[in-house]
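Notes follow the structure.
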Amino acid sequence: MTADTRLPGYDLARPTPADATAFLARAMSADQAVRTWLRACREAGVAPHAAMGVDDMLAAARRLAAEPDVAGVIGNALVIRLRTYRLLSQAQGAGR
């Protein structure tokens, strides 16, 4: 069972590797999406696994964002989601 990573009041969950491959699979085949995500992880120097933290996800998403095609657009969107999640979670922690 995985912990709920949804931020109260925002209904925003921490993006996961499954989210990344699902986003990619909207623009390419599912197999190609998985290969693209795994390559981004490898090139970013992070281990791809289901419980990747925000830092590792950001590293892989930034690598993905460097791609010149639709994968780069998806990478940029993922970077934005991850940064938003991080900033909101930090703000909630500071408000406690």
The test is side chain to side chain contact (heavy atoms under 4.5 Å, CB included); show your working for L78 and W37 and say whether it passes. CA-CA 12 Å; L78 189 56; W37 177 248; 3.9 Å; yes
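Summarising the geometry, atom CD belonging to Q90 is positioned 11.0 Å from atom OH belonging to Y85; distances are rounded to the nearest 0.5 Å.
Under the side chain to side chain contact (heavy atoms under 4.5 Å, CB included) criterion, I80 pairs with T84, not counting sequence neighbours. With sequence neighbours left out, the side chain to side chain contact (heavy atoms under 4.5 Å, CB included) criterion links A77 to no other residue. Not counting sequence neighbours, V73 has no partner by the side chain to side chain contact (heavy atoms under 4.5 Å, CB included) test. Residues passing the side-chain hydrogen bond (donor to acceptor under 3.5 Å, both in side chains) test with N76, sequence neighbours excluded: none. For the side chain to side chain contact (heavy atoms under 4.5 Å, CB included) test, residues two or more places apart in sequence or in another chain that qualify with R39 are T36, R42, E43, E67. For D19, there are no salt bridge (charged side-chain N to carboxylate O under 4.0 Å, His left out) partners two or more places apart in sequence or in a different chain.
The two residues C41 and P48 have their closest heavy-atom pair at SG-CB, 3.8 Å. Scanning both residues, A13 and R81, for their nearest heavy atoms gives O-NH2, 3.8 Å. Heavy atoms only, all atoms of each residue included: I74 and A27 are closest at CD1-CB, 4.0 Å. Minimum interatomic distance between R63 and A44 (heavy atoms only, all atoms of both residues): CB-CB, 4.1 Å. For M57 against P15, the heavy-atom pair with the smallest separation is CE-O, 3.8 Å. In terms of heavy atoms, T21 sits closest to A33 at O-CB, 3.6 Å.
Note: the hydrophobic cluster containing L38 does not contain M52 (ILVMFWY, side chain heavy atoms under 4.5 Å, direct or indirect links). Taken together through direct or relayed side-chain contacts under 4.5 Å among Ile, Leu, Val, Met, Phe, Trp and Tyr, L12 and V54 form part of one hydrophobic cluster.
For residues 48-58, the set of pairs meeting the salt bridge (charged side-chain N to carboxylate O under 4.0 Å, His left out) definition, not counting sequence neighbours, comprises D55-R86.
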